[in-house]
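Sequential numbering from 1 along the given sequence is applied to the chain's residues.
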Amino acid sequence: MSFSHIPILPLSAARDEATKPRFLADLRDALLNVGFLYLSETGLPAGLVADVVRECRDFFETLSLEEKEAIEMKNEKSFLGWSRVDNETTAHNPDHREQLDLSTPQPIPSPTAPLYHNLLGPNQWPSPTHLPAFRPVFEDYMRRMASISTFFTSLIAEAIGLPATSFDGFFDADQQHKLKIVKYPEVAIPPLGPSATAEEKRNEDIARQGVGPHKDSMLTSYLLQASPQAGLQAQNARGEWVDCPPIDGTLVVAIGQGMEALTDGVCASTTHRVLSPREGEGPRYSVPFFQGVSYDAQFEAMDVPSAVLKLRDEARKGRKDDVEFTFVKGRWGHLGEATLMNRIKSHPDVGERWVGANLGWICRTTIANGNTVSRATGPDPRATGSRSSG
């Protein structure tokens with residue numbers, strides 16, 4: 001896990017039987033020892049990628065504040081919508097970024113559905129009057145990314161000695177996937193000198209926090225770096241931050257906590273962060289796509305071959321990791337519960353408005369499984385289907 005660079009794997013090699021074995025070997029090495037990789041030759045049309053980049057920038061740079069507030073995340077219980085700068089929290093500090101969270105189309109949950117089903121929808125789209133191409137472009141992109149992520153997950157299974165279909169049972173028939181468009185504004189932070197103390201360096205990291213150190217939640221995520229500004233970093237086993245600069249024609253793949261949990265720790269979920277650009281560098285834009293998994297799925301580790309588990313044990317020696325692992329077996333009954341808690345922690349204003357009294361049930365569930373949070377009271381939404389009106 002003490003990597004010093006991020007590997008680049010061409011997805012086209014996995015589509016050719018002559019080159020697939022080498023691809024799978026390289027992928028297994030990346031899963032065990034890095035948990036991060038660049039994916040090149042993805043098959044995404046260059047024109048579509050250019051449209052995604054254009055629409056992403058136009059949303060942030062041309063849409064009025066009034067139009068953005070009309071689709072603010074706190075307006076809906078789905079945790080989908082627009083978030084203003086410094087509204088999201090990671091690692092106990094605000095993230096200096098503006099963003100819009102979207103999802104593939106899903107039916108609106110019924111009133112008696114589990115509370116975490118509220119994460120399914122609805123979407124909040126910007127007005128087509130102002131951005132007529134926005135919705136069709138991103139629906140097309142999400143549809144194509146859903147296909148790529150499903151294929152890539154089957155490759156992960158093969159790379160660790162499992163059948164290609166091993167993850168199929170964790171997906172719904174019409175699986176939800178999510179996407180963000182993100183703007184990291186510049187910050188007026190002068191560079192530190194060579195004699196800076198460790199505390200000064202930590203304070204600078206917090207001041208430049210575009211998104212703080214974290215692990216992605218589910219199985220896999222795919223980041224389109226939509227501008228030339230650097231800032232994305234992954235943490236190796238020694239605790240060092242390794243730069244992941246933008247590379248044209250690639251997606252940055254991060255392994256999620258759900259994938260690490262389901263593969264019994266074989267696939268590493270690596271801590272990563274984004275530092276905001278300094279004044280004069282220009283804003284950074286990015287478009288991460290998050291592969292979904294059924295919220296009703298339960299934690300069931302797979303039967304990974306013993307030879308691969310031995311490689312896992314060797315790769316994890318001396319691993320330094322300061323980020324709490326959310327997807328611990330026994331803590332939550334369903335993946336949806338863990339996901340909802342992650343969203344509440346990131347967006348407490350939305351959780352307070354729409355989850356309300358049901359936060360007590362989440363707290364009791366956490367306490368019952370050996371975790372320390374403040375005790376509260378409230379009904380179990382799995383049994384009552386209750387909602388907070390906000």
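- With values rounded to the nearest 0.5 angstrom, Glu200 atom CD is found 6.5 Å from Leu192 atom CG.
- Rounded to the nearest 0.5 Å, atoms CG (Leu219) and CZ (Phe170) are 8.5 Å apart.
- Ionic pairing of Asp51 and Arg54 is present here: one or more N-O contacts between side-chain nitrogen and carboxylate oxygen are shorter than 4.0 angstrom.
- With no hydrogens or angles considered, no side-chain donor-acceptor pair links Thr197 and Glu199 at under 3.5 Å.
- No side-chain heavy atom of Pro107 sits less than 4.5 Å from a side-chain heavy atom of Leu120.
- Nearest heavy atoms, Thr90 versus Pro213: CG2-O, 3.6 Å.
- Residues Leu80 and Leu131 fall into different hydrophobic clusters, defined by Ile, Leu, Val, Met, Phe, Trp and Tyr side chains chained together at heavy-atom separations under 4.5 Å.
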Test log, rule side-chain hydrogen bond (donor to acceptor under 3.5 Å, both in side chains), inputs Asp216 and Gln257: CA-CA 6 Å; Asp216 290 346; Gln257 295 188 59; over 6 Å; no
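- Scanning all heavy atoms of the two residues, the minimum distance from Gly121 to Pro109 falls at O-CD, 4.1 Å.
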Stepwise side-chain hydrogen bond (donor to acceptor under 3.5 Å, both in side chains) check, Arg273 with Gln235: CA-CA 8 Å; Arg273 69 179 183 182; Gln235 189 179 49; over 6 Å; no
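- By the 30° and 60° cut-offs, the orientation of the rings of Phe134 relative to Phe59 is tilted.
- Salt bridge Glu88/Arg97: present, at least one basic N to carboxylate O contact under 4.0 Å.
- Between the Glu186 side chain and the Gly280 main chain, a donor and an acceptor come within less than 3.5 Å of each other.
- Among residues at least two apart or in separate chains, salt bridge (charged side-chain N to carboxylate O under 4.0 Å, His left out) pairs with a member in residues 126-136 are Arg135-Glu139.
- To the nearest 0.5 Å, atom SG of residue Cys56 and atom CG of residue Asp58 are 9.0 Å apart.
- The backbone N or O of Ser286 sits nowhere less than 3.5 Å from a side-chain atom of Gln225 that would complete a donor-acceptor pair.
- Side chain of Asn33 to main chain of Asp29: a donor-acceptor pair is present (N/O by atom type, distance under 3.5 Å, no hydrogens or angles).
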Pair Asp296-His117, side-chain hydrogen bond (donor to acceptor under 3.5 Å, both in side chains): steps then yes or no: CA-CA 9 Å; Asp296 295 319; His117 277 204; 3.0 Å; yes
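- Other residues, nucleotides and ligands place no more than 12 heavy atoms under 6.0 Å from the CZ atom of Arg28.
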CA sep, side-chain torsions, deciding dist, call: Arg144, Asp140, salt bridge (charged side-chain N to carboxylate O under 4.0 Å, His left out): CA-CA 6 Å; Arg144 293 175 185 269; Asp140 186 16; 3.1 Å; yes
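- Side-chain atoms of Leu119 and Ser78, non-hydrogen and from C-beta on, never get closer than 4.5 Å to each other.
- Between Ser12 and Thr19, every side-chain heavy-atom pair lies at or beyond the 4.5 Å cut-off.
- Looking at Gln291 and Gln175, their side chains never come closer than 4.5 Å, going by heavy atoms from C-beta outward.
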side-chain contact (heavy atoms from CB on, under 4.5 Å) between Asp264 and Arg312, intermediate numbers included: CA-CA 9 Å; Asp264 207 8; Arg312 173 206 62 188; 3.6 Å; yes
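- Two residues are said to be in side-chain contact when any heavy atoms from C-beta on lie closer than 4.5 Å; His96 and Arg208 fail this criterion.
- By the neighbour-count criterion of 12 heavy atoms within 6.0 Å, atom CG of Asp248 is sparsely surrounded, having that number or fewer from other residues, nucleotides or ligands.
- Atoms OG and CG, on Ser306 and Asp303 in that order, are 11.0 Å from each other to the nearest 0.5 Å.
- Within a 6.0 Å sphere centred on CD of Glu61, other residues, nucleotides and ligands contribute more than 12 heavy atoms.
- Nearest heavy atom pair, residue Arg57 against residue Ser227, reads NH2-CB, 3.5 Å.
- Applying the ring pair (Phe, Tyr, Trp, His ring centres under 6.0 Å) test to pairs two or more places apart or on separate chains, those with a residue in residues 258-296 are Phe36-His272, His177-Phe289, His214-His272.
- Val187 and Val211 fall into different hydrophobic clusters, where Ile, Leu, Val, Met, Phe, Trp and Tyr side chains are chained together by heavy-atom contacts under 4.5 Å.
- Atom CE of Met145 and atom CG of Leu224 lie 8.5 Å apart (nearest 0.5 Å).
- Following chains of ILVMFWY side-chain contacts shorter than 4.5 Å, one can reach Trp125 starting from Ile71, so the two form part of one hydrophobic cluster.
- Of all the heavy atoms in His347 and Ser83, the pair that sits closest is CE1-OG, 3.5 Å.
- Distance check, rounded to the nearest 0.5 Å: CG of Leu232 to CG of Asp243 gives 8.5 Å.
- Contact annotation: the side chain of Pro126 never approaches that of Trp82 to less than 4.5 Å [non-hydrogen atoms, C-beta and beyond].
- Contact record, Ser269 with Ile255: OG-O, 3.1 Å, taken as the closest heavy-atom pair.
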Residues Thr220, Met259; criterion side-chain contact (heavy atoms from CB on, under 4.5 Å); working and verdict: CA-CA 7 Å; Thr220 56; Met259 178 66 77; 4.2 Å; yes
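- Salt-bridge formation is detected for the pair Asp26/Arg22: a Lys NZ or Arg NE/NH1/NH2 atom is positioned less than 4.0 Å from an Asp or Glu carboxylate oxygen.
- Leu340 has its side chain out of reach of Asn118: every pair of non-hydrogen atoms, C-beta onward, lies at least 4.5 Å apart.
- Taking a 6.0 Å sphere around CD of Glu279, one finds it holds 12 or fewer heavy atoms contributed by other residues, nucleotides or ligands.
- Side-chain polar atoms of Asn123 and Ser103 form no donor-acceptor pair below 3.5 angstrom.
- Remark: Lys74 does not engage Glu69 in a salt bridge, criterion side-chain N to carboxylate O under 4.0 Å.
- Look at Arg202 and Asp205 and you find no salt bridge, because none of the NZ, NE, NH1 or NH2 atoms lies under 4.0 Å from a carboxylate O.
- Put simply, the side chain of Asn75 never gets that close to the backbone of Met73: no donor and acceptor are under 3.5 Å apart.
- The pair Glu72-Arg84 counts as a salt bridge, with a side-chain nitrogen and a carboxylate oxygen less than 4.0 angstrom apart.
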Leu39 and Thr250: CA distance, side-chain angles, deciding distance, side-chain contact (heavy atoms from CB on, under 4.5 Å) verdict: CA-CA 5 Å; Leu39 201 59; Thr250 67; over 6 Å; no
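- By the 4.5 Å heavy-atom criterion applied to side chains, Leu11 and Leu155 are counted as neighbours.
- Cluster membership check: Ile189 does not share its hydrophobic cluster with Leu275, using side-chain heavy-atom separations under 4.5 Å among Ile, Leu, Val, Met, Phe, Trp and Tyr.
- Side-chain rings of Phe167 and Phe171 stay apart, their centers remaining 6.0 Å or farther from each other.
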From CA spacing to verdict: side-chain contact (heavy atoms from CB on, under 4.5 Å), Leu309, Val266: CA-CA 7 Å; Leu309 293 177; Val266 169; 3.7 Å; yes
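- Of all non-hydrogen atoms in Arg284 and Gly231, the two that sit nearest each other are NH1-N, 4.1 Å.
- Linking ILVMFWY residues whenever their side-chain heavy atoms come closer than 4.5 Å, directly or via other members, leaves Trp241 and Leu223 in distinct clusters.
- Counting only distance, with no hydrogens or angles, the side chain of Thr165 and the backbone of Asp168 share no donor-acceptor pair below 3.5 Å.
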